[in-house]
Amino acid sequence: MTTATAHGPAIGMLGIRFESIGGLGAHAAGQILASAAVLRLGLNGAHFSSYGSEKKGSAVKSYVRLTDHDTPIRSSAPIDAPDCIVVFHTALLSNPVTVAGLKAGGTLIYTAPAGERPEALKRVARTCRVIRVDAQTIANEEKSRPNAVLLGALCGALDALDARAVLAELTATFEKKHASAVPHNTRAFERGMAEGELIQGLACGEGDLPTMRPGPVWGYATAPIGGVIPLPGNTITNNLTTSRTGYMPVFGAEKCVHCGLCDIVCPDYCIVWGVVGDGPVPEVTRMRGIDYNYCKGCQRCVETCPTGALTREEERPGMAARLRVPIFDRIGGGLNTK
Ligand code: SF4
Ligand code: SF4
């Protein structure tokens, strides 16, 4: 039997999974949520994140389990079948693992501009609540981070979460380190609560989504003898679109002096050059633009460009495909999904 908490009705066992990429603050959001639940709401809570190399752009999953104070949490395994999934970047929805295991009566929150309805959400059960919020734009406008907006949207969506407690924990976290960020985060959080849009008629699946956990391609029983790699990969097909955290460099040719500094600092070789023969000096090499398939949005090129020819701009749907200059002509524009 469950009992009411000091701050609201009993919650039973609530599993929340944040699907994100490094740099958007999913790990910090999970910490804040679990701390608020334990320290301010009298619940039991557990939180951990899993990620690869600790850098901007790598995949991050953050898990929060909450139970009533009289229900112990015995598991510290990943949450394969969550009640709620929060997706920090729209492009992650193209991978079925992102929404795997969502319960039929669950809640899915995704970030996207108004009107964007990812096809991938059709797989979600029609009985789920699907909520859209434009976390990146709100974060930019309020000079905050997407995680503050999405925490607000989460509190707006789940009655079990007391928004005042979560906001108080968010404030306490930043007061210690970046006090000037507190009013920005508060506005971002409140807008996340208020601006979540319930999307109806998009999800049309049935029942719980099957769970999925990516496994290693080769194990001890299947790896070829001698560490031979029979199918060597090639980064030509890598698409780093999902690595970008809402901003991309945009090239303005009129200010470029073709000095090559951007190319020197770019870690992913996505600056595209070409030989042109009709300028004042014939047959010269010119900077032509950026292949966004390989650009992770680190902004090193923007910070390095001495003339302002590269600027950091908020990425909107379709922008990368429109501005992209393919570095490999043979595979043209076929790889970009954004
Ligand atoms: S650093 Fe700036 S000016 Fe130099 S090549 Fe790159 S875009 Fe052009
Ligand atoms: S933001 Fe600039 S430096 Fe960074 S990956 Fe993209 S093109 Fe290269």
Side-chain angles (χ1 to χ4, degrees), residues 20-26 51-60 88-92 94-95 111 113 135-137 139-140 143 145-146 233-338:
S20 184
I21 54 178
L24 295 176
Y51 37 85
S53 56
E54 291 190 54
K55 63 175 186 181
K56 237 175 157 182
S58 56
V60 173
F88 280 55
H89 196 303
T90 325
L92 292 169
S94 59
N95 185 345
T111 173
Q136 190 64 53
T137 299
N140 293 346
K143 299 186 173 47
R145 307 265 316 278
N234 189 322
T235 55
I236 199 170
T237 54
N238 274 7
N239 188 338
L240 297 182
T241 300
T242 54
S243 306
R244 290 194 291 272
T245 55
Y247 294 97
M248 55 189 259
V250 171
F251 177 55
E254 64 290 347
K255 288 191 180 171
C256 180
V257 294
H258 311 283
C259 62
L261 289 175
C262 51
D263 207 5
I264 291 171
V265 297
C266 177
D268 291 290
Y269 306 109
C270 36
I271 305 292
V272 184
W273 296 85
V275 176
V276 291
D278 55 357
V281 183
E283 297 296 314
V284 289
T285 302
R286 295 289 194 217
M287 154 80 162
R288 291 178 52 221
I290 296 165
D291 190 335
Y292 294 104
N293 270 14
Y294 309 104
C295 168
K296 61 190 175 200
C298 67
Q299 310 298 326
R300 283 191 196 177
C301 56
V302 174
E303 289 155 14
T304 306
C305 177
T307 65
L310 289 165
T311 50
R312 172 182 184 263
E313 296 194 15
E314 188 184 336
E315 185 165 0
R316 312 299 298 173
M319 197 165 151
R322 187 164 42 82
L323 299 180
R324 176 182 176 222
V325 178
I327 201 162
F328 300 109
D329 288 335
R330 270 187 305 116
I331 56 175
L335 293 176
N336 203 308
T337 58
K338 208 166 178 190

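Whatever order the structure lists ligands and atoms in, that order sets their numbers, starting from 1.
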Student: Locate the shortest heavy-atom distance separating Gly25 from Phe88; write the atom from each residue and the value.
Tutor: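 For Gly25 and Phe88, the tightest heavy-atom pair comes out as C-CE2, 4.2 Å.
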Student: Any sub-3.5 Å donor-acceptor pair from Tyr292's side-chain atoms to Pro249's backbone N or O?
Tutor: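 Checked: pair present.
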Student: At what distance is the nearest protein heavy atom to atom 1 (S) of ligand 2, and which residue and atom is it?
Tutor: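 Checking every protein heavy atom, the shortest distance to atom 1 (S) of ligand 2 gives Gln299 N, 3.2 Å.
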Student: For residues Glu303 and Val265, determine if any side-chain heavy atom of one lies less than 4.5 Å from a side-chain heavy atom of the other.
Tutor: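 The answer is no; the side chains never approach within 4.5 Å.
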Student: Could you tell me if the side chain of Glu313 sits less than 4.5 Å from the side chain of Tyr247, heavy atoms only?
Tutor: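 No. Closest side-chain heavy atoms not under 4.5 Å.
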Student: Has Leu310 got any heavy atom lying under 4.0 angstrom from an atom of ligand 1?
Tutor: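 The answer is yes: ligand 1 sits under 4.0 Å from a heavy atom of Leu310.
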Student: Which of the numbered atoms in ligand 2 are under 4.0 angstrom from any heavy atom belonging to Cys301?
Tutor: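 With Cys301 as reference, the close atoms of ligand 2 come out as 1 (S), 2 (Fe), 3 (S), 7 (S).
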Student: In the protein, what heavy atom is nearest to atom 8 (Fe) of ligand 1, and what distance, to one decimal place, separates them?
Tutor: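 Going by distance alone, atom 8 (Fe) of ligand 1 is nearest to Cys256 SG, 2.3 Å.
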Student: Checking Asp291 side chain against Asn293 main chain: does a donor-acceptor pair fall under 3.5 Å?
Tutor: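 Checking the backbone N and O of Asn293 against the side chain of Asp291, a donor-acceptor pair under 3.5 Å is found.
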Student: Please check if any side-chain donor atom of Gln136 sits under 3.5 Å from a side-chain acceptor atom of Thr111, or the reverse.
Tutor: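 The answer is no; no qualifying pair exists.
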Student: With side chain to side chain contact (heavy atoms under 4.5 Å, CB included) as the test, pick out the partner of Thr304 among Leu310, Leu261, Asp263.
Tutor: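 Option passing the side chain to side chain contact (heavy atoms under 4.5 Å, CB included) with Thr304: Leu261.
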Student: Looking at Gln299 and Gly297, would you say the former's side chain and the latter's main chain have a donor-acceptor pair under 3.5 Å?
Tutor: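 Yes; at least one donor-acceptor contact below 3.5 Å.
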Student: For atom 5 (S) of ligand 2, what is the nearest protein heavy atom, given as residue, atom name and distance?
Tutor: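 Checking every protein heavy atom, the shortest distance to atom 5 (S) of ligand 2 gives Lys296 N, 3.6 Å.
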Student: Give the residue, atom name and distance (to 0.1 Å) of the protein heavy atom nearest atom 2 (Fe) of ligand 1.
Tutor: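 That would be Cys305 SG, 2.4 Å.
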Student: Show the atoms of ligand 1 that are less than 4.0 angstrom away from any heavy atom in Thr307.
Tutor: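 Numbered from 1, ligand 1 contributes 3 (S).
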Student: For Cys270, counting its heavy atoms only, list the atoms of ligand 2 lying under 4.0 Å from any of them.
Tutor: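 Those of ligand 2 that fall under 4.0 Å from Cys270 are 5 (S), 6 (Fe), 7 (S), 8 (Fe).
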Student: Could you check atom 6 (Fe) of ligand 1 against the protein and tell me its nearest heavy-atom contact, residue, atom and distance included?
Tutor: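 For atom 6 (Fe) of ligand 1, the nearest protein heavy atom comes out as Cys262 SG, 2.3 Å.
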Student: Tell me: protein heavy atom nearest atom 4 (Fe) of ligand 1, and distance?
Tutor: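 Ranking protein heavy atoms by distance from atom 4 (Fe) of ligand 1, first comes Cys259 SG, 2.3 Å.
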Student: Show the atoms of ligand 1 that are less than 4.0 angstrom away from any heavy atom in His258.
Tutor: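 With His258 as reference, the close atoms of ligand 1 come out as 5 (S), 8 (Fe).
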Student: Return yes if some donor-acceptor pair links the side-chain N/O of His258 with the main-chain N/O of Met287 below 3.5 Å, else return no.
Tutor: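 It does hold such a pair.
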Student: Does only the side chain of Val257 get under 4.0 Å from ligand 1, or the backbone, or both, or neither? Count heavy atoms.
Tutor: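 Under 4.0 Å from ligand 1, Val257 contributes backbone and side-chain atoms.
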Student: Rounded to the nearest 0.5 Å, how far apart are CZ of Phe251 and CG of Leu323?
Tutor: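 Here the interatomic distance stands at 11.5 Å.
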Student: Return yes when Gly308 approaches ligand 1 closer than 4.0 angstrom through a heavy atom, no otherwise.
Tutor: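 So Gly308 does not count as touching ligand 1.
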Student: Which atoms of ligand 1 are found less than 4.0 Å from any heavy atom of Pro306?
Tutor: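 Taking each heavy atom of Pro306 in turn, ligand 1 has 1 (S) under 4.0 Å.
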Student: Verify the distance test for Cys298 against atom 4 (Fe) of ligand 2: any N/O/S atom under 2.8 Å, yes or no.
Tutor: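 Checking atom 4 (Fe) of ligand 2 against Cys298, an N, O or S atom does fall under 2.8 Å.
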